[in-house]
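Some notes on the structure that comes next.
A quick note: this is a predicted structure, and the numbers were derived from the prediction, not measured. The figures that follow rest on heavy atoms only: side chains count, while hydrogens, waters and symmetry mates do not. We count ligands from 1, going down the list as the structure has it; atoms in each ligand are counted the same way.
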Amino acid sequence: MVHLTTQENWSEIWFQAIQTAKIIGFVPTMGALHEGHLQLIRASKSSCDLTVVSIFVNPSQFNNSADFDAYPTTLASDLEKLRQENVDVVYTPSVEEIYPESPELRFSFGALETKLEGAFRPGHFNGVGLVVSKLFNIIRPQVAFFGQKDLQQVAIIKRLVKDLSFPIDLVIVPTMREADGLAMSSRNLRLSPMHREASLILINSLNKAKKELIAGKGWFETQQEIVCDFEKSQLAKLEYFELIDPASFEVQTEFNPSVLISICVAAYLGEIRLIDNISINF
Ligand code: PAF
């Protein structure tokens, strides 16, 4: 595995790969790698000739500096996991490498970013747009892999690729879950045992709402019931529980069984903010 901390030697590897018609697959990450990331890597390994993984905790996508400071970094064990997965190249740039100057460019994703994550984390998607564009321009992959757990990020990146004509195919990989259903996330590492147990309210409420909608209950009633469940739980603080169209991220007021729809949730367990979603399709 080649470990690059700057983009200097990458051009040579890229050029050789392109000359020999190799397909470059790219998995951008912020490290603290878990099985969910490894699934993205395996998807790249199985469909591309060369797999590049980046590890960069991107300061510009954190609207809260305490959250940035507390973000887990586990570089040595991440590198070991990547070696075991036979990743070809890992790129771990410094903040100065990615942001030699504070960027003036601002991304606005219009209606896509005014709700859910966009509303609760102002500036977050600007930071994601910036760093993903930079990484796409540096790595120049033909294929890039993202997880479905960050559903709104997926919609934003699809838009970014379309609007900026990045010649990159996006592959969206289903959410990996722990045995009890909690969606895998680097943030789970920071949950206390008590909050880890309480965190199951996210997946349980998604499953409950899905079941009720399919059984014919109205969305408003279902949503209210979930809000009450969160209120009863002393440990989980709900931020949002919404029915959305996964393409436009338009919030839906009623469930229409004939269209693809998702339910998205965000909640705090103590200091830790978790998100999850499920889709309902027939
Ligand atoms: O999903 C993530 O881990 C990050 O948002 C990403 C795409 C690596 C950009 O920093």
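- Scored by the ring pair (Phe, Tyr, Trp, His ring centres under 6.0 Å) test, Phe220 finds no partners at all (sequence neighbours excluded).
- Remark: Phe109 engages Phe107 in a ring pair (Phe, Tyr, Trp, His ring centres under 6.0 Å) (not counting sequence neighbours).
- In this model, no donor atom of one side chain and acceptor atom of the other lie less than 3.5 Å apart for Glu12 and Gln16.
- By the salt bridge (charged side-chain N to carboxylate O under 4.0 Å, His left out) test, Glu178 pairs with no residue at all, sequence neighbours left out.
- Phe62 and Tyr71 have perpendicular rings, their planes meeting at more than 60° on a 0 to 90° scale where under 30° would count as parallel.
- Aromatic ring pairs are classed by plane angle as parallel below 30°, tilted from 30° to 60° and perpendicular above 60°; the pair Trp219 and Phe241 is parallel.
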Please produce the table of protein N or O atoms sitting under 3.5 Å from N or O atoms belonging to ligand 1, one pair a line, distance to 0.1 Å.
| from | atom 1 | to | atom 2 | distance (Å) |
| --- | --- | --- | --- | --- |
| ligand 1 | 1 (O) | Gln153 | NE2 | 2.8 |
| ligand 1 | 5 (O) | Gln61 | NE2 | 2.9 |
| ligand 1 | 5 (O) | Gln153 | OE1 | 2.7 |
| ligand 1 | 10 (O) | Gln61 | OE1 | 2.6 |

